[in-house]
Amino acid sequence: MRAENISIRIGGAAGYGIMAAGYMLSKVFAKKGYYVIDSNEYPSLIRGGHNTYTIRVSTNPVYSVSKNLDILIALDKQTIDLHREEVSYGGHILYDQQDFSSEEMKKSRKDINYLAVPFTKIIEQIEAPSVVRNQVSLGAILALIDISLDTLGTVVKETFMPKGENVVNLNSRAADLGYKYIKEKLNHSSPYTLEIVKHKSKMLVTGNDAVFLGGVRAGCKFFAAYPMTPSSSILHAFASAENEYNIVTKHAESELAVINMAMGASFAGARSMVATSGGGFSLMNEGLSAAAMTETPIVVVLSQRPAPATGLPTWTEQGDMLFAIHAAHGEFLRVVMAPGDPQECFYMTGQAFNLAEKYQIPVIILLDKYLSENHFACEKFDPAKIKVDRGTLIADSSELADDYQRYEKTKDGVSARVVSGLEGGIHIANTDEHDPYGFSSDDPNNRKDMMDKRFNKIKKLVKDLHPPKIYGPPEAEITCWSWGSCKGPILEAMKTLNREQKKVNLVHFNLLYPFLIEPVMKIIKDSNRNVIIENNKTSQLGKLIMMNTGLKFNSRILKYSGRQFLPGEIVSGIEQL
Amino acid sequence: MRAENISIRIGGAAGYGIMAAGYMLSKVFAKKGYYVIDSNEYPSLIRGGHNTYTIRVSTNPVYSVSKNLDILIALDKQTIDLHREEVSYGGHILYDQQDFSSEEMKKSRKDINYLAVPFTKIIEQIEAPSVVRNQVSLGAILALIDISLDTLGTVVKETFMPKGENVVNLNSRAADLGYKYIKEKLNHSSPYTLEIVKHKSKMLVTGNDAVFLGGVRAGCKFFAAYPMTPSSSILHAFASAENEYNIVTKHAESELAVINMAMGASFAGARSMVATSGGGFSLMNEGLSAAAMTETPIVVVLSQRPAPATGLPTWTEQGDMLFAIHAAHGEFLRVVMAPGDPQECFYMTGQAFNLAEKYQIPVIILLDKYLSENHFACEKFDPAKIKVDRGTLIADSSELADDYQRYEKTKDGVSARVVSGLEGGIHIANTDEHDPYGFSSDDPNNRKDMMDKRFNKIKKLVKDLHPPKIYGPPEAEITCWSWGSCKGPILEAMKTLNREQKKVNLVHFNLLYPFLIEPVMKIIKDSNRNVIIENNKTSQLGKLIMMNTGLKFNSRILKYSGRQFLPGEIVSGIEQL
Amino acid sequence: MNKNNNLKPKDFNTHIKPTWCTGCGNYGIWNALKKAFVSLGLKNHQILGVYGIGCSGNGTNFLKTYAFHALHGRALPVATGAKLANHKLHVVAMAGDGDGAGIGGNHFMHTCRRNINLTYIMHDNRVYGLTTGQAAPTTDRGTRTKSTPSGVLESPVNPIAIALASGASFVARGFSGDTKHLSGLFSEAIRHRGFSFVDVLQPCVTFNKKNTYEWYRKRIDNLQEDQNYSKKDAAEAFKRSNQDEEEKIPIGIFYQEEKPLYEDGLKQIERKPLVDHVINDIDINKLLNNYF
Amino acid sequence: MNKNNNLKPKDFNTHIKPTWCTGCGNYGIWNALKKAFVSLGLKNHQILGVYGIGCSGNGTNFLKTYAFHALHGRALPVATGAKLANHKLHVVAMAGDGDGAGIGGNHFMHTCRRNINLTYIMHDNRVYGLTTGQAAPTTDRGTRTKSTPSGVLESPVNPIAIALASGASFVARGFSGDTKHLSGLFSEAIRHRGFSFVDVLQPCVTFNKKNTYEWYRKRIDNLQEDQNYSKKDAAEAFKRSNQDEEEKIPIGIFYQEEKPLYEDGLKQIERKPLVDHVINDIDINKLLNNYF
Ligand SMILES: Cc1ncc(C[n+]2csc(CCOP(=O)(O)OP(=O)(O)O)c2C)c(N)n1
Ligand SMILES: Cc1ncc(C[n+]2csc(CCOP(=O)(O)OP(=O)(O)O)c2C)c(N)n1
Ligand code: SF4
Ligand code: SF4
Ligand SMILES: [Mg+2]
Ligand SMILES: [Mg+2]
């Protein structure tokens, strides 16, 4: 069967190397130039829970994994119990006879192919530890879809070289044996053949990777975090790059320390960023408010996970939008972004640093576990598109006014900042309300002026912002409204819906706040039937739109089970409208 | 001049006993059965700043101090410089010749009476410390408005007895001498005569006092706080009552400790409350979210002050409403109240505890510095009107179901709580998403069910809530919309406006969230012209209304100088509409 | 505490099988604690376990007592509040080293000086387990982890020294590889009248490749086996806590003293726990009169 | 540090006259600090003062240097961030005892063990001044305050002991009533290569009626006048820090050691401060290639 795209899931207990194998497989596809999107699921346990890694590989752009699986690799029995129903008619399940008898299995679904592979025996044969069964499965998959082993060989090398040549060889051999076993068993024919693409190799990145890369490019010099799923890999990435890129990365004692350290570094003149999830962001609220009062630029990445409280640490949700928009005591200007895919993560992180510095305000980037931790194959980012604009920052004494006023009451609300330590630049960054020099002041007129000054920035700021982007046919019957990571599943659903003649388009907000009322009103005027799609319970985008336009959309497709939408859910949601 | 009401301000440097004197004077009036409202202003300094205490005393209900002063007592020169313009035509300034020459003074306003009183000489004569000048001024005022000294005598005794009889006597003598000096100087006639009232003595309380009293009555057994202006006096009050009323009061190491301790105490079965201001509330966000997830009842008092950050610690603003409504990560139900005066503070605190326990949710009571720290004379609170309803709390093992499920999925979303330690009541209060017993669960269906369970409570909850209250004529030309502490100044302004035939009424929200859409829509339908009045910059009530009804009011009267509205400002604001 | 109940350690199991990695030191702590409960004659419902977030916190699902699975770093204030509200409960707070010495360090310091009658067990694996292996505040200088790929640049937090400096009245260290000793330590800690702190050296077999069972076994040295050691000398205890780990790692009770409980100062709970007070119709007239 | 500038203490005054109460110990600290700056030859713009919130924090308005008036409890992390971003700045963090040992206690512990080259001065008046007299964590047991009308029930935090337990490399105590000694201490602290902590006994004439100038004067005892005292012995320092205050209150340098700076481990700031790096067009191609 020649296929344009194939869906594969590897499943097993935590500790079985599911995440590693899945990532390696995605990497193989990306290297070969295919479009790939993956989705990993795991509980907040180090061992014992059930892990899965689902990959959709395609010759054409894909935006989401799908519900139906072509191939399911079960490294334990539970995988079959849990996921058998998701395998497509005629699909394949690879399993180990040791875990499960084929008789037992066939009882429930006779429409699919069961391929027993002696994962365990193979690794026993080469005396490999049991985790290496994952490599056998990779070989088996590639055999099944008729892709030669050479690219996997490269990936194995890249992955295991740090652990030594022996480990590389062991893993390669395991893959090799898996490959051969299938090839022989199937008489050297493969049930699937992925069409060959001539694309260049693709980058395989998560949203977190993209934020990190955008941050480095934008000149982030100070990054602080306290680990919190699903934001932690941004910390790991910055930490690993700190020497080569001259970035101080600090895993601090708490999120309170994190935001205040970053504020100190930014005050001194270094571009600074922090990353966390909901709980950590809650703790950062007071600091956010301090950044606003002292007009210290700061970029805060908030990767959402299902909450309240500890919630579901390793799952996904879009529950923190209105919190981010209203977070922290007092009234102040901020920007809240919600990139929808890694490209947007990369370029908007660049934009975030510029906005933060030009307007001397906090910028919040909303991600979620789905975007933060799943991999997307995409074209190489273009660093040249991130240009650094540091606004009014002064790094040279000669540029300083004689009577330097850090909080000068300017027309556009933006005053000159100074790299600390310059002669002539002395001032107070004051969390108290303050006069133009920064001295504490409780004068009522000064208070009013300073509030106006800080809010006046919005006039210029909005010119640097972009309205939501419209995807799909301009005059659609149904217009979907969404934000952040739902973009992918909706675009994928639109493929199906528009194929079947339903004309659906998407208005996607990757920039939530400040809300650009006019352009949104215009889109609403031009649209027919509107439906809000969000990965939360209370329809926060719906509230945001109503709060700003007065308009209420009565149709909603909401999901709040801690899982991202599957395109099929959106298709049927829209069909049922 | 027989007067229905008189406005008095005492001013001087911090450390001059302005606050004490003002309070004592208010107390005298309240004891005599007058209506009193006062307003104190001081900077966030222990010494050196300028303090004022303004009192409006009246034979009829008053809701706000006014801009115009009948009597200004200046214990230093600055007081005259700053406040001379606020003295009414024909009003009186009392000052000490040592501070200021009368010639100098008369230059700028000849239409007022200057009365020199030798404050300093008098206390030197009796060898009292300089702070006692404040008592001289009290005597002088009473002489001026023809009120005998006996009630002040009582107040002096009540105030200074803890410091010993000598102190009482010294202060009494000082007041006496001030009284006599004026009487003699004015030839035993007084320029003002406050009409005599036959009312019973009134309570003189601040909003903080009322919250404290309501809390004690409602059975609050655990109160924790970290001091923060303007909420601190609630802590002091609870601390002072803890032995007699069997309340554990804990001044903890931080607001993080505060909210988590209160959660622990509430989990164990004690009604618990915390109080803070914006910065502390920011720090409490994560805990708030944990209370929601574990369904632990908690009452959080948030007394607002101008922010962001440290802001203006001793001034007033309504800047935290939308923050309180959206605070903390994840989506969860809460109640947000905003009482408008001490009566509402008292009764609604009682209601807050009941709602928190009946629905096992956090309840936030918004105050502000104006309400928290100013005194209002009012009728004695009726404790019987606060009835305790602990909802489904089980304190006896025999009432426990056999297979007790702490988070049972009930129709109304409310499950049985248990006082910890009961046999048969074992469960987990879990900040992780959990199953009905409290065990951690990341099952998608359970997640959805639990979110639904927690949100379903709203259906019953709204029946316990009341819509905004309308004050003034039902069919007014202009309807004011406001919340919290603006109530007083608006009611006061309405007296003037409605006297001059403008028909103005007020829709006052003392309960902001959940928002009762239907009743509000009805009021809007019935109203002519709407104006929002708020003590903030961004019109948060306006946004809340728009978010819930889609309706936008185009007229706004906003103040954000850190000061409460004066009725005159509202009058002219409305006249200029 | 009733010594004659017939509970067995397994009666403190829930229906959920622990999900810790095979060989994880948390098993030892779990077993030692159950044994201690049994030996103290405590029943399930008389105990409240308060947990932080971390691998150890997952234990909330495995130990059958009243439980509060608090936020990361906040086990101690929750435990404090619950204990003050119902001081008849036996309250045991349990959390990781990241939880207790990292994000929650301030509560640790203040709970020590507060001397409330509760027990605090630090699951000290010198790493962030649940978030998959970043440096903990207790991780040795120079250690390379995901968050410190060029090596930790700070001196590690010394939980024993901090407890001593903060005035804790019972300060001990155990090793999860020696369940018998540990369980004894837990019993003494729970029996101690005041705040008791037990730092448990807990191997994390997955992320901490340095501080293994073997590594500890070679170095461990029971203070109570040293006849000259007095657990009443805080300065000596402080010194021992700073001992070069390459030589010896002392376990046992570093310090114990009798001092007034926080609860001793609370008249309001003298007669009965707060939660037992009837709140139906509290007479506040006397209070109201203060405002006239 | 250039010893030959001609600045005088008053050159560190702003146009704002201090608003502290007459007699407040903050004046002594302020004067001692200005003197130390002068004696070290520091110029105003070379210094960054980071303040907490409290009476001492109001000092942000009175001392003419770069200044950050941080949130309550957060002076140290702000100072840390600023120092790492521009390690050429001389960073002095200043905050109250409530700020530093209460709400900010965790940062205190962790900044000590971090050993960044900055100075931290605790304005230790054993009370919450700015919020008008509640108990501080340093307030003595039994003291009646607004928030503890039946008396404080906890042992006070001992900032010196905490600093020692946390591995600070310079731990000292001064008295704001002895400006000369204090100013010398500040100079040594700033000169010290590493994190230096100075606990300053600061009378609050308005709210602390116990720990007055007189009370301190009677008890104060300069460690450096004791020939037998070695500031290299942490256990001895710990012991002295726990001395019965009714007898003696040691001041001076309790402990000093040379150990690697946090900054020493940061290759990225070896050549120049972070803030001096040009960020216009950073080449990330190598990084991007890691994702292929
Ligand atoms: C406020 C907050 N920040 C971060 C996290 C993420 N987090 C969960 S567990 C953990 C650390 C675990 O380390 P430790 O406390 O030592 O426990 P262990 O897993 O090692 O037992 C972190 C950082 C969180 N839950 N909450
Ligand atoms: C988060 C937060 N909580 C509470 C406060 C209120 N507050 C301001 S200063 C202070 C305590 C002051 O005590 P200390 O730090 O000892 O300084 P001092 O005034 O004694 O110099 C408090 C509680 C605050 N500003 N922020
Ligand atoms: S990761 Fe470490 S601490 Fe966590 S369960 Fe596994 S071995 Fe135990
Ligand atoms: S209250 Fe105390 S600490 Fe504050 S300024 Fe006055 S004397 Fe100084
Ligand atoms: Mg750990
Ligand atoms: Mg203090």
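The structure displayed is predicted, hence computed values, not measured ones. The chains referred to below are lettered A, B, ... by the order of the sequence lines, with proteins before strands, and numbering in each begins at 1.
Here the shortest heavy-atom pairing between D452(A) and K537(B) reads OD1-NZ, 2.7 Å. Counting all heavy atoms, side chain and backbone alike, D320(B) lies closest to G330(A) at OD1-N, 2.8 Å. Across all non-hydrogen atoms, the minimal contact from D442(A) to P43(B) is OD2-CB, 3.1 Å. The two residues F332(A) and P308(B) make their nearest non-hydrogen contact at CD2-CB, 3.8 Å. Heavy atoms only, all atoms of each residue included: R563(B) and P444(A) are closest at NH2-CD, 3.3 Å. In terms of heavy-atom proximity, S282(B) sits nearest to A328(A) at OG-CA, 3.7 Å.
In this structure, the portion of Q540(A) lying under 4.5 Å from any heavy atom of chain B is its side chain and not its backbone. Proximity to chain B is absent for every atom of L302(A), based on heavy atoms less than 4.5 angstrom apart. Both the backbone and the side chain of K543(A) come within contact range of chain B, with heavy atoms under 4.5 Å apart. Of the two parts of L322(A), the backbone and the side chain both hold a non-hydrogen atom closer than 4.5 Å to a non-hydrogen atom of chain B. Residue contact with chain A, scored on non-hydrogen atoms closer than 4.5 Å, is absent for I325(B). For a residue to count as touching a neighbouring chain, one of its non-hydrogen atoms must lie under 4.5 Å from one of that chain's; by this rule Y560(B) touches chain A with backbone and side chain alike. For a residue to count as touching a neighbouring chain, one of its non-hydrogen atoms must lie under 4.5 Å from one of that chain's; by this rule S441(A) touches chain B with the backbone only. For chain B, the nearby part of T549(A) is the backbone; its heavy atoms alone come within less than 4.5 Å.
For the set E433(A), E286(A), M450(A), the count of heavy-atom pairs under 4.5 angstrom toward chain B peaks at E286(A). Put simply, of P306(B), G319(B), S561(B), the one with the most heavy-atom pairs under 4.5 Å next to chain A is S561(B).
Rounded to the nearest 0.5 angstrom, M547(B) CE and M547(A) CE are separated by 4.5 Å. Note that CG of N285(A) is 4.5 Å distant from CG of N285(B), once rounded to the nearest 0.5 Å. To the nearest 0.5 Å, atom OG of residue S539(A) and atom CD of residue E331(B) are 9.0 Å apart.
M293(A) is not listed as a side-chain neighbour of T310(B), based on a closest heavy-atom distance of 4.5 Å or more. Contact annotation: the side chain of L256(A) approaches that of L283(B) to within less than 4.5 Å [non-hydrogen atoms, C-beta and beyond].
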Subject >> Derivation of the side chain to side chain contact (heavy atoms under 4.5 Å, CB included) call for H329(B) and E317(A) >> reply: CA-CA 11 Å; H329(B) 58 298; E317(A) 194 162 274; over 6 Å; no

